[in-house]
Amino acid sequence: MKKNETEIMAHPLEDLVRMERIPHIWCPGCGIGSVFTSCLSAIKQSNIPYNQFTMVSGIGCSGRGAGYINIDSFHTTHGRAIPFASGIKMARPDLNVIVFSGDGDLFAIGGNHFIHAARRNMDMTVVCVNNLTYGMTGGQVAATTPHKAKSATTAAGNSETPFNLPLLAYASGATYVARWTMLHARDLADSIQEAIQRRGFSFIEVLSPCPINYGRRNKEKTLETLKKYHENTIVKNGANPAELDVDFNKGVILGKFIDIDRPTCDELYRKMYWPQEQGTAENRKTG
Amino acid sequence: MKSQVLTGEHFINGDEACAEGAIAAGCKFFGGYPITPATEVAEQMSVRLPHVGGTFIQMEDEIAAMTSILGAAWAGFKTMTATSGPGFSLMMETVGLAVVTETPCVVVNVQRAGPSTGLPTQGAQGDMMQARWGSHGDYEIIALAPSSPQEMFDLTITAFNLSEKYRTPVFIMSDEIVGHMSEKVIIPEGRKIKTFSRVKPTGRKDRFKPFQPGPLGVAPMPAIGDGYNVHVTGLTHNEKGYPVMSVDIQKEMMERLLGKIRNNLDDIILTEDYRLKDAEIVLVSYGVSARTAYTAVEEARAMGIRMGLLRLITVWPFPEQRIRDLAKKVKGFITVEINMGQISREVQRCAGIVPSFIAGHTGGAVVPPDDVLKIAKEFLA
Ligand SMILES: Cc1ncc(C[n+]2csc(CCOP(=O)(O)OP(=O)(O)O)c2C)c(N)n1
Ligand code: SF4
Ligand SMILES: [Mg+2]
């Protein structure tokens, strides 16, 4: 009986979670945990051995993802997950590299690294939890905060214009671009899996609520945000990236927008600089 | 395939010698960003690395360059970057990440005169304190100062060995003059070059703690994919690598980080004595300035002044005890450096009541030996 009980209680993703670090830091009603779960599901359903993965995060609530996954994982500095991951990928092209971080981390302080990794077609999967704000520091305006939205540093409303992230990714050279919300858990997991299993720079934006530091200020309860995710979104695969502004009044477009095959940064480097794959086996042995 | 080590006699500049030292040490990854006068290190690495199965990447800025070498280090490789003042400033936050995550890597700073853009093509030694304290928080760091192209080769190997042994970033604090000066550089046979690689863990993978000190206070370091499932964070962490926001764990972690350097000073600190035995005036110098200091010692001796030189090959950790011991028997110290008072302050701190002076320069040129002699003569008069 005892054995059965534990079998029932074990979460199907438990082997991918550092259970000794649970409870996690995310607030009740926060969407990050759902995005993280979809990411773990994607890893699991890919059937690739776990030690062929590594996860890199920057700093922020979303950036805590790397701390909970039970694979080699790195919680770096604010904005620098992508260059850290690029170092890993170029040194060990055989690894599957996943970057899990927030909108502030990846697109404000780390924006330059994002566009260059996309341009290089650095073979990695970037999952961006877009909660439209800097959650961790208390809800200041971000590069993704909608025009007129309130934040801790825009009391009367945001006077600036946010990024259209899929358009930015596409223009920079990303070869896979998709957007989901955390509510679309299955589509999201499948999309992350697809990104993992293809070559090239893959970008997946995930809209996710920060009820504590964004929702409250903008008079939006978590359930209302989820309702918008459900009712005011439309799945339109292949949509023109230029039409992907996040505007729930008009309806937010989700789906897979870009999926192009193009050689990756590490493949092209090897081809140009190690034409006979010289020395790879012997010289690249570590330690 | 070409040999990894270009054994033989070469006439090359300091930057190139540094790159050859890195190759000889087993460096397999370089993340760079061009900047005068360090560019030649990157250029040479871009040419050499592919021949030894290594990877060069020019990143989008120095923050990315520095961060990429940490990722590649955890992927299992010996890694390096090279820069000068403006890039060194940009790297500082990541230097702290390297220190706290105990990530071995080598960072070369071919110094030019600052502040800001300064004199891009002219040498200085104005980043010495930045090397010590440039990243926020309290930490220990290792920095070596080569005085010649030959030492750019030799000390780059030493830097890799120390970084691998102590799992810490190591700085090579060179300068434009040594970086761009061409001299004879002898590269020994590969098998005669002593290299050290990080200790890898053995034993039960589930019980492994990536920050639990072993011999020398340093933990073995696995590579990504070895199956140890490590978590690495810049947050204060316990020996398992997990964040713990407590005063106690902060203390434990800091004592470990400081201790692995402070408890191994004899192994880390390299100095060279020149005519010190009977000296009453001791010059303390490093890098290109030590060359000036040699000349000053010769000229002083010719004039009957008993002068000697303590050359710092390791500048950080600072050889405090050595200065304290010398202070017991000499009349005074003169620090020769191309700045207006950095290492001289350390000397003064350790010299106690013994007078201590600086023969400094605002940058862009070496300190003339005459400046040193003038100070010595005025002091003795
Ligand atoms: C260099 C640096 N600047 C600022 C901070 C403070 N900081 C921590 S998290 C964060 C914003 C994170 O926003 P985002 O990436 O959107 O993550 P979220 O918390 O919203 O998930 C900032 C500004 C920092 N840690 N480092
Ligand atoms: S502050 Fe916002 S983003 Fe951060 S954990 Fe709480 S709800 Fe989530
Ligand atoms: Mg955010």
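In this text, all values refer to a predicted model and were calculated from it rather than measured experimentally. Lettering follows sequence order; numbering is per chain, from 1.
- Atom-to-atom distance recorded for A:F84:CZ and B:L70:CG is 5.5 Å, nearest 0.5 angstrom.
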Full working for side-chain contact (heavy atoms from CB on, under 4.5 Å) between A:M122 and B:I57: CA-CA 12 Å; A:M122 193 60 81; B:I57 185 165; 3.9 Å; yes
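- For the pair A:T77/B:M66, no side-chain contact is recorded, criterion being any heavy-atom separation below 4.5 Å from C-beta on.
- Residues B:F77 and A:R92 are in side-chain contact: their nearest non-hydrogen atoms beyond the backbone lie under 4.5 Å apart.
- Within the 4.5 Å cutoff, side-chain heavy atoms of A:I88 are placed close to those of B:I224.
- Shortest non-hydrogen contact noted between A:A91 and B:A75 is CB-CB, 3.8 Å.
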Step-by-step side-chain contact (heavy atoms from CB on, under 4.5 Å) determination, A:T76 to B:L97: CA-CA 7 Å; A:T76 61; B:L97 180 68; 4.1 Å; yes
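- Most heavy-atom pairs under 4.5 Å with chain B: of the set A:K89, A:E20, A:R119, this distinction falls to A:E20.
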Stepwise side-chain contact (heavy atoms from CB on, under 4.5 Å) check, B:Y242 with A:R18: CA-CA 10 Å; B:Y242 289 173; A:R18 295 181 191 272; 2.9 Å; yes
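- B:H231 approaches A:F74 most closely through the heavy-atom pair ND1-N, 4.4 Å.
- Other residues, nucleotides and ligands place no more than 12 heavy atoms under 6.0 Å from the CE atom of A:M272.
- Looking at A:A66, the atoms closer than 4.5 Å to chain B (heavy atoms on both sides) sit in the backbone and in the side chain alike.
- Taking 4.5 Å as the limit, some side-chain heavy atom of A:S86 sits within range of a side-chain heavy atom of B:M59.
- Annotation: the span from A:T54 atom OG1 to B:W74 atom CH2 amounts to 10.5 Å, rounded to 0.5 Å.
- Of the atoms belonging to B:I69, not a single heavy atom falls under 4.5 Å from chain A.
- B:H51 has its side chain out of reach of A:Y273: every pair of non-hydrogen atoms, C-beta onward, lies at least 4.5 Å apart.
- Side chains of A:R21 and B:P243 form a contact here, defined as non-hydrogen atoms less than 4.5 Å apart.
- Using a 4.0 Å cut-off between charged side-chain N and carboxylate O, B:E60 and A:R120 make a salt bridge.
- Here the side chains of A:H75 and B:V232 are not in contact, with every heavy-atom distance at 4.5 Å or above.
- More than 12 heavy atoms of other residues, nucleotides or ligands shown are found within 6.0 angstrom of CZ on B:F208.
- For a residue to count as touching a neighbouring chain, one of its non-hydrogen atoms must lie under 4.5 Å from one of that chain's; by this rule A:Y269 touches chain B with the side chain only.
- Rounding to the nearest 0.5 Å places CG of B:N229 at 9.0 Å from CG of A:L16.
- In terms of heavy-atom proximity, B:V230 sits nearest to A:D72 at N-OD1, 2.8 Å.
- Looking at every heavy atom in both residues, B:D61 comes nearest to A:N112 through OD2-ND2, 3.6 Å.
- Taking chain B as the reference chain and counting heavy-atom pairs below 4.5 Å, the highest number among A:M55, A:H78, A:Q52, A:R80 is found for A:R80.
- For chain A, the option among B:G26, B:P210, B:G225 with the highest count of heavy-atom pairs below 4.5 Å is B:G225.
- Judged purely by atom type and a 3.5 angstrom limit, A:W274 uses its side chain to pair as donor or acceptor with the backbone of B:G54.
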